[in-house]
Amino acid sequence: MEKYRFMWNERKNIRMLWRFCLVGAGNTFVDFVVFFLLASFGVSALLAQVCSYTAGVVNSYVWNRMWTFQVKQKANVGEFLRFLIVNVLSLAVTLLLLFLCRDVGQWPLFAGKLAATLGGIAVNFAGSRFWVFASKPSHS
């Protein structure tokens, strides 16, 4: 437990968080472009969210695995399944928040989408950092 106390003071972990945020910005850009493009064609907000989120997930997996968390091992089924689980959970959070903001709270579309996105980011980072791409502890 001692080795985790100052985890965020290490340059490597700060760089990892910074990269995650940059990849997240790219994912969000992809997500928003696809979402508002579909919405402009009359696709419902919830269906547009599923499609746009899926596009962001593909971008996220590739960039976070290779660049953010710099996973050296070959990709495997277990990692991919963990990634999918985290992203399905994150999608559920975004759908719930979008529904609550838009349909219950009557928020404007952009405000509801922003709230949903922020909730999804929190779930996704925690799951990716500590479960999907977690470094295996070395046994000394």
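- Cluster membership check: Val23 does not share its hydrophobic cluster with Met16, using side-chain heavy-atom separations under 4.5 Å among Ile, Leu, Val, Met, Phe, Trp and Tyr.
- By the rule that hydrophobic residues join a cluster once side-chain heavy atoms approach within less than 4.5 Å of another member, Val88 and Trp131 end up as members of separate clusters.
- With a 4.5 Å cut-off on side-chain heavy atoms, Val71 and Met66 do not count as touching.
- Without hydrogens or angle criteria, Ser128 side chain to Phe125 main chain gives no donor-acceptor distance under 3.5 Å.
- Hydrophobic side-chain contacts under 4.5 Å tie Leu100 into a cluster, directly or through other members, with Leu96, Phe99, Val104.
- The structure places OG1 of Thr94 at 11.0 Å from CD1 of Ile121, a figure rounded to the nearest 0.5 Å.
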* Verdict with reasoning, Tyr53 to Leu95, per side-chain contact (heavy atoms from CB on, under 4.5 Å) -> CA-CA 10 Å; Tyr53 190 83; Leu95 290 172; over 6 Å; no
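- Minimum interatomic distance between Gln106 and Asp103 (heavy atoms only, all atoms of both residues): NE2-O, 3.0 Å.
- A distance of 13.0 Å separates OG1 of Thr28 from CZ of Phe35, quoted to the nearest 0.5 Å.
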* To do: Test Trp18 against Thr68 for side-chain contact (heavy atoms from CB on, under 4.5 Å), laying out the working first.
  => CA-CA 8 Å; Trp18 177 245; Thr68 303; over 6 Å; no
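- The closest side-chain heavy-atom distance from Phe83 to Val57 is below 4.5 Å.
- Of the possible donor and acceptor atoms, none in the side chain of Asp31 sits under 3.5 Å from a partner among the backbone N and O of Asn27.
- The two residues Arg102 and Trp107 come nearest to each other via the heavy atoms NH1-O, 3.1 Å.
- Ring orientation note: the planes of Trp67 and Trp63 are nearly perpendicular, at an angle over 60° on the 30°/60° scale.
- Among residues two or more places apart in sequence or in another chain, the side-chain hydrogen bond (donor to acceptor under 3.5 Å, both in side chains) test is passed with Arg65 by Tyr61, Glu79.
- The shortest heavy-atom contact between Gly112 and Cys101 is CA-CB, 3.7 Å.
- Using the six-membered ring where Trp is involved, Phe69 and Phe20 have ring planes that are tilted, between 30° and 60° apart.
- Contact detail for Val43 and Ala48: the closest heavy-atom pair is CG1-N, 3.7 Å.
- The line from CG of Leu47 to CG of Leu38 is 7.5 Å long, rounded to the nearest 0.5 Å.
- For the salt bridge (Lys or Arg N to Asp or Glu O under 4.0 Å) condition, no pair includes a residue of residues 55-64, sequence neighbours left out.
- Distance check: Leu91 CG to Gln49 CD gives 6.5 Å after rounding to the nearest 0.5 Å.
- A donor-acceptor pair is defined here as one N or O able to donate and one able to accept, closer than 3.5 Å; no such pair exists between the side chain of Ser90 and the backbone of Val86.
- Atom CG of Asn59 sits about 12.5 Å away from atom OG1 of Thr54, to the nearest 0.5 Å.
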